[in-house]
*Asks:* 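Take a look at this one; I'll ask things after.
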Amino acid sequence: MFSRVFWPRISNSLWNSSKKELPKLFKAPHAKRNGKFRKPVFVGAGITLMASVSLVDFDPIKNASVSSKRAYKVVLAGFLCFSDYKRILSGSYATEEERQTALSECHLRCAERSLKVFEENGGIFIKIGQHLSAMNYIIPKEWTSTMVKLQDQCPSTSIEDVDRLFKEDTGSSLDELFDEFISEPLGVASLAQVHKGKLRNSDTWVAVKIQHPSVTQNSPVDLVMTRWVFKAIKTFFPDFKLMWLADEMEVSLPQELDFTREATNAIETKEHFNQISTSLYVPEIIWSKPRILVMEYVSGARIDNTKYFEQNHISNDLVSTDLCHIFNEMIFGKGGHLHCDPHGGNVFIRSKPKGSKSPRNFEIVLLDHGLYRDIPNEVQVDYANLWLNIIDFNEEKLKIYAQKIANVSEKSFPLFAAAITGRPYKSLKSLPMSGRDREEEQKRFRKAVQKGDMLQSVISLLSNMPRLTLLLMKTNDLVRALDESLHTHTGSEKIYLIMARYCLSAIHRNHMESLWNSQSFWFTKLFKSSLYKIKYSWGMLRFYLAEDYFYYKHKYFC
């Protein structure tokens, strides 16, 4: 029944799209035709047709029409993009300039093709596009500049659907739970939107985070589609190893869609940082359901709002310093509980309110605690050693820890070191560095990465890394992007100097815990602990002196 009703509609739509797109794969303005590639293209098109139908089995009565459309768009676009890349990268060119021109045009075609699908499907596809737009250190500029349009194109859920969701999940309408509820969202993201409301019989204003109902409905089939597309790509083009993206989505998306987990993460983070003198503030959680989260309403400004900083006499250098302390504490502190999505929309600044424990005249408010990872002690120590050896540029030890933390071979090691720091490998000898030299280095590095051969090497490198390492790298890049958006006077040097102290502390803590848990005699423990403390104190003194000299050089004081 389902096949008779929906198959003609699916096949006609897909065939019309295919007629427009497939001929383009055989028009190579800069490259010679490759006749051997015709067969995989048409075989792939046939498999695409079958996949469009096979992927809609979740709920053939309720969701068949929607699922079939979403399926064939994703599968077709994925196949066309990688067919396009295969043709360009395997073609012959008279000059390197012709090759780069052809590759740039291919980037743009594939980015625009993918953007159209992401916009039409919405939900997690917009989230994927937003992540792509921020990966300018790996992804070609044609992709990032195209996907940046998705930052402000998240469709909102109507107030009627919001009220319906509340009745389904709580048994009560908005009018029964709130004295006031602002129908216009404060913000709309790919998975949810936030409203402002006043609780019933209370003067308390709250922020109410509500999951888009369409996300709940479509996410199961979207995950299956994504995995199917990556498997198909791997079958036809073994060189493009992207299964790690599907693996990570299958782990992270269910966590982000469960708002009770987000509430737990927020509470744990708040309790941890309450024991530390810091400017971090996490809004209080009022109550939560899997698709609804009610929390304290907190106002402030985006981290790139320089006008707000000037009006409230807030130092962007101090904000940058505190952000570095906060996320290094999450990564290397005892317990290792890391917020893995600290982009500009999830971090904002407000002037220090009355009764605040912040040591500054401001608070850094951290939102969206849906995606966290617990970092095991062993990973903390290996990651700390990795960064200390990057800072000291000890190549031999750096290769050892790169292999331990990221499964990186000696051949891929220079590429990994460059990817994790955002700088060419040879320049790491002069780390840390700031100013124009560093900016020029980053431009050269990004240009080099965006070349076809190196891009393929980066994708291959990422595919072999543990998911936790990928998240650590992603968080590192996001924090670095936050720091750059602050336009500090001190550049990135202080990031490495502050990080070094946290790395040293994590290693020292591990040494001491291992020693006191061992079966050694008490005298041996006492002697070794004294040596560890001397080594630790000397290391900390070294970094404190370097940091003081750095601040003196920049006429900047914390």
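Everything quoted here is computed from the prediction, not taken from an experiment.
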*Asks:* Is Met499 close to Tyr502 at the side-chain level, that is, under 4.5 Å between some pair of heavy atoms?
*Replies:*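 Result no, sub-4.5 Å side-chain heavy-atom pair not found.
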*Asks:* For the atom pair CG (Leu150) and OG (Ser190), what is the distance rounded to the nearest 0.5 Å?
*Replies:* 9.5 Å
*Asks:* Quick check against the 3.5 Å criterion: does Ser104 have a side-chain atom that pairs as donor or acceptor with the backbone of Gln100?
*Replies:* no
*Asks:* Is there a donor-acceptor pair under 3.5 Å between the side chain of His339 and the backbone N or O of Phe327?
*Replies:*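 No.
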*Asks:* Say whether, by atom type as modelled, one donor and one acceptor occur between the side chain of Asp304 and the main chain of Gly344 under 3.5 angstrom.
*Replies:*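 No, because the side chain of Asp304 does not come within donor-acceptor range (under 3.5 Å) of the backbone of Gly344.
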*Asks:* Looking at CG of Asp317 and CG of Asp483, how far apart are the two atoms once the value is rounded to the nearest 0.5 Å?
*Replies:*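 Going from the CG atom of Asp317 to the CG atom of Asp483 covers 9.0 Å.
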*Asks:* Main chain of Ala111, side chain of Glu142: is a donor-acceptor contact present, judged purely on distance under 3.5 Å?
*Replies:* no
*Asks:* Can you find a heavy atom in the side chain of Ile364 that is under 4.5 Å from one in the side chain of Ile349?
*Replies:* yes
*Asks:* With side-chain contact (heavy atoms from CB on, under 4.5 Å) as the test, would you mind laying out the steps for Ile331 and Gln380 before giving the verdict?
*Replies:* CA-CA 7 Å; Ile331 295 172; Gln380 278 185 323; 5.7 Å; no
*Asks:* Answer yes or no: is there a donor N or O on one side and an acceptor on the other, between the side chain of Gln255 and the main chain of Arg261, under 3.5 Å?
*Replies:* no
*Asks:* When you look at Ile375 and Met330, which way does the side-chain contact (heavy atoms from CB on, under 4.5 Å) test go after all the steps?
*Replies:* CA-CA 9 Å; Ile375 306 175; Met330 286 184 174; over 6 Å; no
*Asks:* Can you label the angle between the Tyr372 ring and the His369 ring as parallel, tilted or perpendicular, going by 30° and 60°?
*Replies:*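 Correct class here is parallel.
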*Asks:* Just one of Asn389, Ile391, Leu388 clears the side chain to side chain contact (heavy atoms under 4.5 Å, CB included) bar with Leu398, so which one?
*Replies:* Asn389
*Asks:* Answer whether the closest heavy-atom distance between the side chains of Arg373 and Val251 falls below 4.5 Å.
*Replies:*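 Touching, per the 4.5 Å side-chain cut-off.
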*Asks:* Got a second to check how far Leu371's CG is from Cys340's SG, nearest 0.5 Å?
*Replies:* 5.0 Å
*Asks:* In Å, rounded to the nearest 0.5 Å, how long is the span from CD of Glu395 to CD1 of Ile390?
*Replies:* 12.0 Å
*Asks:* For the pair Asp84 and Arg87, find out whether any cationic side-chain nitrogen is under 4.0 Å from an anionic carboxylate oxygen.
*Replies:*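 Yes.
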*Asks:* Testing the basics here: between Trp143 and Tyr85, what is the closest heavy-atom pair and its distance to 0.1 Å?
*Replies:*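 Heavy-atom minimum between the residues: NE1-OH, 2.8 Å.
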*Asks:* Measure the OG-NE2 distance between Ser320 and His487 for me, rounded to the nearest 0.5 Å.
*Replies:*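 The OG atom of Ser320 sits 12.0 Å away from the NE2 atom of His487.
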*Asks:* Please evaluate residues Leu323 and Ile303 with respect to the criterion side-chain contact (heavy atoms from CB on, under 4.5 Å), reporting the C-alpha separation (whole Å), side-chain torsions for both, the decisive distance (0.1 Å), and the verdict.
*Replies:* CA-CA 11 Å; Leu323 274 172; Ile303 202 164; 3.3 Å; yes
*Asks:* If you compare all heavy atoms of Asn316 against all heavy atoms of Leu486, which two are closest, and at what distance to 0.1 Å?
*Replies:* ND2-O, 2.9 Å
*Asks:* Is there side-chain contact between Asn385 and Lys397, with heavy atoms separated by less than 4.5 Å?
*Replies:*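 Sidechains of Lys397 and Asn385: no contact.
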*Asks:* If you count the non-hydrogen atoms of other residues, nucleotides and ligands that lie under 6.0 Å from CD in Glu120, is the total more than 12?
*Replies:* yes
*Asks:* Does any N or O in the side chain of Thr469 come within less than 3.5 Å of the main-chain N or O of Ile405, such that one atom is a donor and the other an acceptor?
*Replies:*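 Here the side-chain-to-backbone pair exists.
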*Asks:* Any donor-acceptor pair under 3.5 Å linking the side chain of Ser145 with the backbone of Lys141?
*Replies:* yes
*Asks:* Could you tell me whether the side chain of Tyr93 and the main chain of Ile88 form a donor-acceptor pair under 3.5 Å?
*Replies:*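 Pair found, side chain donor or acceptor close to backbone of Ile88.
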